Amino acid sequence: MSNKKISTVRGMHDIYGTSFFKQRDIIESFIKVASLFNFTPMNTPIMEHSEVFLRTLGDSSDVVMKEMYSFFDKSDDSITLRPEGTAGIARALISNGFTQNLPQKYFYYGPMFRYERPQQGRLRQFNQVGLEFFGKGSYLEDCEVIRAAHHFLIDLGIQKDVVLKINTIGKLDSRKNFIKEIKNYFNKNKKKLSSDSLKRLDRNPLRILDSKAPEDKELLETAPIIYNFLKQEEIESFENVKSTLESIGISFTLDPYLVRGLDYYSDTTFEYTLKKNDKFAVLAGGRYDNLIKELGGEKIPGVGWAAGIERIENLILKNPSIKLPIVLIPTNEKYMNYVLNISNKLYFKNIKNQILDHFNLKKSLKYANKINVKIALIIGDEEFKKTKISYKNLESGSQFTLTEKELFEKIKNE
RNA sequence: GCGACUGUAGCUCAGUUGGUUAGAGCGCUGGUUUGUGGUACCGGAGGCCGUGGGUUCGAAACCCAUCAGUCGCCCCA
């Protein structure tokens, strides 16, 4: 055993200080908005049987192929740390028999795990907030979750930094036909395809659509387009989504190349990406009509989204204030009871306070100044003798000696 | 998973073509001031130079490996 300093697991970070408070604010804002839309909270376990994700995310998806945090537990069961939240919620719906009673609206938040190469905005343990709407598959549900996303982003004050992109990838049958066609198309133009997309051609040809390689983008200009493969009701539903969003003033751009990385999606897909970097999704989701069925339930359609807390955090520039209004400074341990008593009274008035136990006025004031305290209450020999308290405003430097009653009067007026 | 760059004190970084006991600023700490903070001045602590190997008389510096971070790709929230 060496004396090497211990560190976190790669891609996993300690969250503390302003970052913690920012994350808490984001979650609080999310809870507020989701609750106003009558989504109810649900916590599913951080681990699931690997099957839950294998059956839903798709064998060819990168998440399953290389990013799952999977291991065998002591009973030799294959367990996976959840890479995303939707599959777990869907599983819970089935496990608890909630599918009998629709619609069901849930929100969740918590850590997710993906075994990826860490970089900016991409961690191995990261936090998401998300919500899911299980119902009858109406376009109104799509609009409802997008509306919730819209208000969430406004509440966070980052709506100006993002744009909403939407698309439809149709239902399974239509999509199959479309995939067949683009496969043909790209096969004919194999030579012009980028090497990355060549690999995607067999595995997941849909992904070629959102390729960033210039040679692919050129090919895409004359490629078949999904909308020509959709059935009438699929088109109608998507048109309804668009017109409803327009009518309530949620602007979006249509992106026919927006496809999602997870197999369970169908029909409407959407993404809020950064204005300054449109590859970077802050909040993303879509409809998934086969997910519950894949997990052995009935065919219940759902729609939802998830947002990365750390990615949102990076957009919020304002640091939450963590100021401490009051410190109590006894100059001698003998006065602790007196000071504890006052601290308790402050507590009952919901005033954050801390007792400094240097028993050294100078050190205490120095420390109080360092942590940016507004008021210092000093209890020393003179104060104790007269059962008074010295009230010192550290910003102005002014100081008064007050009775306890006067003190609480003064604090109330501040 | 692929490619590039980086790793020296708690933090931000210097460290000349390899050469004695590795530096600065900020921070921390003690004092000038034994009941008054912020300012000033004077002291102090704190580093196996990410880790492991190699080259060399000699390595923070050069080579290899490994770990971690950053950036790009893949992918994604």
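Just so you know, these numbers come straight off a predicted model, no measurement behind them. We name chains A, B, ... by the order of the sequence lines, and we start the count at 1 in each one.
The side-chain tip of A/Lys410 points at the ring of A/Tyr391 from less than 6.0 angstrom away and within 45° of straight on.
Between the side chain of A/Lys66 and the base of B/C74 there is at least one donor-acceptor pair of N/O atoms closer than 3.5 Å. In terms of polar N and O atoms assigned as donor or acceptor, the side chain of A/Arg122 comes within less than 3.5 Å of the base of B/C74 in a complementary pairing. For A/Arg117 against B/C74, no side-chain N or O and base N or O form a donor-acceptor pair under 3.5 Å. Taking only distance into account, the side chain of A/Arg311 meets the base of B/C76 through a donor-acceptor pair shorter than 3.5 Å. You'll find a donor-acceptor pair under 3.5 Å spanning the side chain of A/Glu383 and the base of B/G35, going by distance alone.
For A/Glu67, taking side-chain heavy atoms from C-beta onward, the closest of the listed nucleotides B/A77, B/C73, B/C75 is B/C75. Residue A/His13 has its side chain nearest to B/G69 when only B/A77, B/G35, B/G69 are considered.
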Secondary-structure string, 5' to 3', Watson-Crick or G-U under 3.5 Å, | for another-strand partners, for RNA chain B:
(((((((..((((.....[...)))).(((((.......))))).....(((((..]....))))))))))))....

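In this structure, A/Ile309 places its CD1 atom 10 Å from C1' of B/A77, rounding to the nearest Å. Between A/Leu57 atom CG and B/C76 atom P the separation is 11 Å, expressed in whole Å. Taking atom CZ of residue A/Phe384 and atom P of nucleotide B/G35, one finds them 17 Å apart after rounding to whole Å. Atom CG in A/Leu201 sits roughly 17 Å away from atom C1' in B/C74 (whole-Å rounding). At whole-Å resolution of the value, CE in A/Met12 and P in B/C67 are 16 Å apart.
Taking 4.0 Å as the cut-off between side-chain N and carboxylate O, A/Lys388 and A/Glu406 do not count as a salt-bridged pair. Using a cut-off of 4.0 Å between Lys/Arg side-chain N and Asp/Glu carboxylate O, A/Asp289 and A/Arg287 are scored as salt-bridged. A/Arg91 has a carboxylate O that lies under 4.0 Å from a charged side-chain N of A/Glu48, or vice versa, which qualifies the two as a salt bridge.
A/Asn127 comes within 4.0 angstrom of no nucleic acid atom, judged by non-hydrogen atoms across all strands. Among the heavy atoms of the strands, none lies under 4.0 Å from A/Glu84.
Using modelled atom types and a 3.5 Å distance limit, the side chains of A/Asn393 and A/Gln399 yield no donor-acceptor pair.
Taking only side-chain nitrogens and oxygens, A/Gln128 never comes nearer than 4.0 Å to OP1 or OP2 of B/A77. Remark: A/Arg10 is in phosphate contact with B/A68, judged by side-chain N or O atoms under 4.0 Å from OP1 or OP2.
Between A/Trp305 and A/Phe152, the ring planes lie parallel to each other; the angle is under 30°, not in the 30° to 60° tilted range. Between A/Phe238 and A/Tyr227, the angle of the ring planes stays under 30°, which puts this pair in the parallel group of the 30/60° scheme.
Taking the six-membered ring for Trp and the full ring otherwise, the centers of A/Phe30 and A/Phe107 sit less than 6.0 Å from each other.
Of the residues in residues 352-370 of chain A, those with a non-hydrogen atom less than 4.0 angstrom from any atom of RNA chain B are A/Leu361, A/Lys362, A/Lys363, A/Leu365, A/Lys366, A/Asn369, A/Lys370.
Going from the C1' atom of B/A60 to that of B/C74 covers 36 Å, rounded to whole Å.
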